[in-house]
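Chain A is the first sequence line, chain B the second, and so forth, proteins listed ahead of strands; every chain is numbered from 1.
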Amino acid sequence: MDLSLLVNQIINALTLGGIYALIAVGYTMVYGIIKLINFAHGEIYMMGAFFGILLIGAGMPFFLALPTSMLLCAALGVLVDTVAYRPLRRAPRLAALITAIGVSLFLQNLAMLLWSASERPFPNLYPAYRIRPAGADAQRYGEELLSRYAQELDRRREGPPRIKAIRRENGTLLVEFRLGTNSFEAIRTLRQSRRAVLAALEAAHPGVQIETQEESLDHFFNRPAFVLDLGDVRPVEVRWKVPFIWATTILLMLLLETLVQRTKMGKAMRACALDKDTAALMGIDVNRIIALTFAIGSAMAAAAGIMFGLYRGSGIGYRMGFQPGVIAFAAAVLGGIGNVRGAMLGGVVLGVVQVISTAYITDWLGISSSYSFAFAFGILILVILLRPTGLLGRPSAERA
Amino acid sequence: MRKTLRRSWERLQRQNQERPARWLGTALVALFLFLVLIGPFLPLSPQYRSRAADIFLLCVIYSIIALGLNSVTGYTGLLDLGIVAFASIGAYTATILYDRPWMQFPGSFLVVLLVGGLHAALWGLLRGAPTLRLSGDYYAIVTFAFAEIVRIFIRTEGWLTGGGNGFKNFPAINLFGARLIEGEYQGILKTSGYWEYPHGGVWHGGTAGFYYLSLVLLILTVVVMYRLEDSRTGRAWFAMKADETSAAACGINLSAYKLYAFAISAFFAGVGGALLGFKMNVVSTNVFDFWFSVVVLCGVVLGGMGSIPGVIAGTFIVYGLGELLREQVRIGGIVLQVDDRARFLFFGILLVLVMVFRPQGLFPRRPVEESKKLAVEYDSPLYRLGR
Amino acid sequence: MSLLILSDVHAGYGKMEVLHGIDLYADEGEIVTLIGANGAGKTTTLNAICGLVRITEGTVTFRGREITNWPTKDIVRLGMTQVPEGRKLFSELTVRENLEMGAYLRKDREGVRRDMEYVFELFPRLRERAGQLAGSLSGGEQQMCAIARALMARPQLLLLDEPSLGLAPLLVEQIFEILQRLNADGTTLLLVEQNARMALEIADRAYVMETGRIIMQGPAKELIHDPRVRSAYLGEP
Amino acid sequence: MSTGAVASHHEPILIVEGLTKRFGGVVAVEEVSLEVRRSEITSLIGPNGAGKTTVFNVVSGLYEKTAGHIWYRLPDGRQVDLTEPVFDPLHALIVSLATLGIGALALAVPRLRRALYYRTRTPDAIAGLGIARTFQNIRLFEDLSVLDNVKVGLHGRVSSSPLDAVFRSPRHRREERDIEAAAAEYLEFVGLLHRAYQEASSLPYGEQRRLEIARALATGPQLLLLDEPAAGMNPTETNELIRLIQKIRDAGVTVFLIEHDMRLVMEISDHVVVLDHGRKIADGTPAEVRQNPDVIAAYLGTHTEEASG
């Protein structure tokens, strides 16, 4: 077995698991408090990813876009609850579930109408290019080439792909575009400038042998954070975004855990989940607590959506919420639905199961790797049949 | 004593039958039935006529599937989110079988439909057996997960099912010598062949023969469903839906009656799925996906769960509306057309609105049965107090 | 003016009317008890007062304001709270958290801390168990916790639904002593009890309910000697 | 009481022996033994939470016992233990299906067969043995008609299958006729015939109680369990109910009831059993029970000091 592959898969699994866990938390909280499988939750996750890329595309820095998108999704979650679910609080559970499917359909297709049916890449977080002279006369005319290049770009500074900064750095030119610039436009601008610069240089010094190389620079997230040298065939390179995603996920989970366990609001939430009438007798505004639950769950899902986009770098589309949504729900059930810690655990477990089954189990069984999702569903069915209370759920001693 | 009982009983039945006639409703129903009956021959221009025929045919086929779904979701109250599993099992079984050389005998088409239905019913039982104790949400999730597993299987096992692209180009459908659907295949057209109207015009993707066969099957389904409803079985289902505990206390074997419902539901969904496959001349997981289940469910819920006319009306509304939304609308020089996938947007809004404002559906089941004229003989052998 | 006044209250669940016109009042500083058979509508009366059951006709007035069908949280804010039948503790929250929930609407941290001390003094057992899940308490401790939780809202009027239910006689006695002490400290009590004798002994006035109606009322000391009450509710022939 | 000449008529039909039921760690019923005798009215009383309904739920198959036996005398004179597991063919079929046929192999091995395919009788099986019940909080099929509610009660006494229904076989038609007639007769018995075609939920409270009794009678019971039949009734309705219960008893159905209304209990019971905290504390005629100091202390109400002293 290839050890470096295995390590890669484990890193992959844990990252994916963290994302599932973030989504699963929303399912489990909503289920815990109003006993509704919020089918639209996967769509909130999708919306979160879209809000994220749109905000970044509009020039908002990543670290501002993340919380803003979370806030927007929180508002969306509350809106969905108020409009679609609140009128059905006392209605049969089936009615609410069907409504949730309706909301899911609605959001999915709204996203498609608003943002087209094709998948989008995650925006380039650091649209910067390093320009280096090359060719036989690079030594002699390099400096001149770069100055002309800088002038040319400066002239285009106000044009559509807005240039943020042009800097000379030991023999190269560093061009930074404004955040959100799509790389196609940036490269086109660079190419046009190069053509002009080379033409001018050729006119000034006939017969000059010079070229330029434009190299796209990576955002810090895409640079290797550390390299695991396993003494095996090839070392495993871990990019910064992986520890970032892990840290953010853990931070959000800790925040949530503190909120639910320590604050008055969290206690009120747990009280409502246990007994709404009695909670009302304490003076708790039950509807507001439910709205708050939706808000928190939706914000978590939005964070998950952005993390997913960051991790994959692509795949933001109106259908992206469906499968992670289902797997995250499975994770919530696996952990014991209604149990926040269970959802975290379940998410990680299912992430691992999915990646490992894709990589190894299907191979070992001699079946196609497309069965890896079937494994997740199979586990969901088994858990429901054998231990509906989940891994961390407590069997309740009910008395009729 | 018996005589007074008989008199009061008969008076009661008479009273119950004296309902005010509702002319408008009756007229609308009659008009609807008439339109369905002349489905392929609506008096429209040739281009719209075949389009309308197509929509009617789809609605008729989907109604069969919806009635199948209704026998679980409407009668026993268990939410089934995976009816697509049975429709696709039926469709694949029937089309794979029909391709076999030894399946070429008169009436073989009916045989493959039946086998498709039975195969689906078998899986209905297999899925149902372990889930008998589940209720509500958990049952719904299992049905959903099962359907996804079926879909993944179909997509993966290409040697059997054609994989992601599915099957195309089935042989001509030949029923006792009558050709129901031509086998010719025109370019990338999803529909099979074409059918020339006797008086000019062409219908791509259907024939009058196929339409009436489907209609007859729908009518059979309706008859079966009505007969089941009005029987010991139907009462058991409605009782379970209302209250499982007291249904059991009345001597109803919950497991047995759930299994009946699962098998019946899967059977009709399988037959409908098979018809649908032949109609479109293609079976693939692009057609049989999760949203297939959702839209069928949408029709059932919209019409009114548990009500046979409601389910059919709901299905016609949902699919009719869905197909109409595909049409271009010209107002002056502007061409309006709803994006194909965006039709689901309307389904979403529709589902939410119906659930919020009319949770029982548009045409809910009337709770109190019409009295039947049974020649009641008193001193029934079942009337006994004490042993 | 009386603290709480119900006039001609009709209420019920769905289509079923349970209360057919209840007239009742409680003055400041009183212990008023409501006795009657099971299913007479005592719990429904309390829930109707608290806004948990819809009132279809009639009015409830509390501290001079009409609170008919107000949202429960607003009624609680006005200074009334209920110890529900069967305790209804938040079983997966600790005892301390349950008490904090009782003080949910209060903003004065210092006052809440003082009141927490006060209830721990009233029920020393709860101090020992403050960190335990409420579901793990014994029946008597649960009842104490439920009362303590209600007290944390610092109510003017406390509604108690069957506080003696399922408790051993000794514990019942303790609970009733505490109720009297609370009353002495200034809380008005409306007490629903099956244990009619104990209720009548500590109450100032009493109402007797039967099938959704008040059939008798008067000072508790008089009712306790009423032959009808004695035969129907005190188990004397 | 049950000795000598009247024994055959007043023989015990139900003997509960050392019944214990725990939920998790909570003991709901502990070591309860009691007898219900044929053609009598036996009442089970006690404070809330004493475990009365739990006893009913175990007898009617809703709960599994923790320990003890419930002996029941069938109409043919055989005696069976209701709590003992029996072979369940449908369950065997389901397990076989669910395990893709592998489970069927276990049928061949007696020990495995016992472990896998023997189950405690389900409520419907117990109803089939002639024990019917009503519920504390009325549980009608609310959106079915009154007549259909009673027809559902007759379910277990006919046998046509879904196929019979689809093909309208002679058996189906004969049975439907019989069911209709019998349902009408049961409705007449409880005085609800005039309501036959109304929605069950539209009936007034007292009539809903009676409809529930009619539905239970329709299952053809020899033992009828009534769980707080008078709860929420006004005195007039209670009086009618007393007459109805006596009429049922006189028709030969044994009645076992839970009730809080002491007037009803004392007026119609032949025998009263008192539970408190899951234990039986007294047993006897109404007059005996009324005098019992433990009962007065635990339930009928008196000062605690007097009771403990």
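- Under a cut-off of 6.0 angstrom, the local environment of CZ in B:Arg133 is sparse, with at most 12 non-hydrogen atoms contributed by other residues, nucleotides or ligands.
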Step by step, would you call B:Leu385 with D:Ile248 a side-chain contact (heavy atoms from CB on, under 4.5 Å)? CA-CA 8 Å; B:Leu385 283 166; D:Ile248 292 169; 5.6 Å; no

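- Residues B:Ser255 and D:Ile94 come closest through the heavy atom pair CB-CD1, 3.9 Å.
- Formation of a donor-acceptor pair under 3.5 Å by the B:Arg232 side chain with backbone atoms of D:Ser160 is found in this model.
- Between the CZ atom of B:Arg384 and the OH atom of D:Tyr186 there is a distance of 6.5 Å, given to the nearest 0.5 Å.
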Can you check side-chain contact (heavy atoms from CB on, under 4.5 Å) on B:Ser231 and D:His172, steps first, answer last? CA-CA 8 Å; B:Ser231 75; D:His172 168 87; 3.5 Å; yes

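- Two residues are said to be in side-chain contact when any heavy atoms from C-beta on lie closer than 4.5 Å; D:Arg215 and B:Cys250 meet this criterion.
- B:Ser246 contributes a side-chain N or O that, together with a main-chain N or O of D:Arg139, makes up a donor-acceptor pair within less than 3.5 Å.
- Neither the backbone nor the side chain of D:Thr122 comes within contact range of chain B, judged by heavy atoms closer than 4.5 Å.
- Inter-residue side-chain proximity for D:His91 and B:Leu132 is flagged as unmet; no heavy-atom pair is nearer than 4.5 Å.
- The candidate from B:Leu254, B:Thr245, B:Val224, B:Leu259 with the greatest count of non-hydrogen atom pairs under 4.5 Å with chain D is B:Thr245.
- Minimum interatomic distance between D:Ala127 and B:Ala249 (heavy atoms only, all atoms of both residues): CB-O, 3.3 Å.
- Looking at D:Phe135, only its side chain comes within 4.5 Å of chain B, counting heavy atoms on both sides.
- Heavy atoms only, all atoms of each residue included: D:Ala182 and B:Leu382 are closest at CB-CB, 3.7 Å.
- We find the CG-CG distance between D:Leu144 and B:Asp243 to be 11.5 Å, quoted to the nearest 0.5 Å.
- For B:Thr233, the part lying under 4.5 angstrom from a heavy atom of chain D is the side chain only.
- Among B:Thr131, B:Leu126, B:Asn253, the residue making the largest number of heavy-atom pairs under 4.5 Å with chain D is B:Asn253.
- Shown here for B:Ala239 and D:Val152, the closest heavy-atom pair between the two residues is CB-CG1, 3.7 Å.
- B:Tyr383 contributes no side-chain N or O that, together with a main-chain N or O of D:Asp178, makes up a donor-acceptor pair within less than 3.5 Å.
- In terms of heavy-atom pairs under 4.5 angstrom with chain D, the leader among B:Pro130, B:Ala248, B:Ala242 is B:Ala248.
- No side-chain donor-acceptor contact under 3.5 Å links B:Arg235 to the backbone of D:His155.
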Show the numbers, then the answer: is there a salt bridge (Lys or Arg N to Asp or Glu O under 4.0 Å) between D:Asp164 and B:Arg227? CA-CA 9 Å; D:Asp164 284 317; B:Arg227 289 187 158 188; over 6 Å; no

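- Dense packing is recorded around CZ of D:Phe87, with more than 12 heavy atoms of other residues, nucleotides or ligands lying under 6.0 Å away.
- Taking OH of B:Tyr260 as the reference point, atom CG of D:Leu163 lies at 8.0 Å (rounded to 0.5 Å).
- Counting all heavy atoms, side chain and backbone alike, D:Leu193 lies closest to B:Ser8 at CD2-OG, 3.4 Å.
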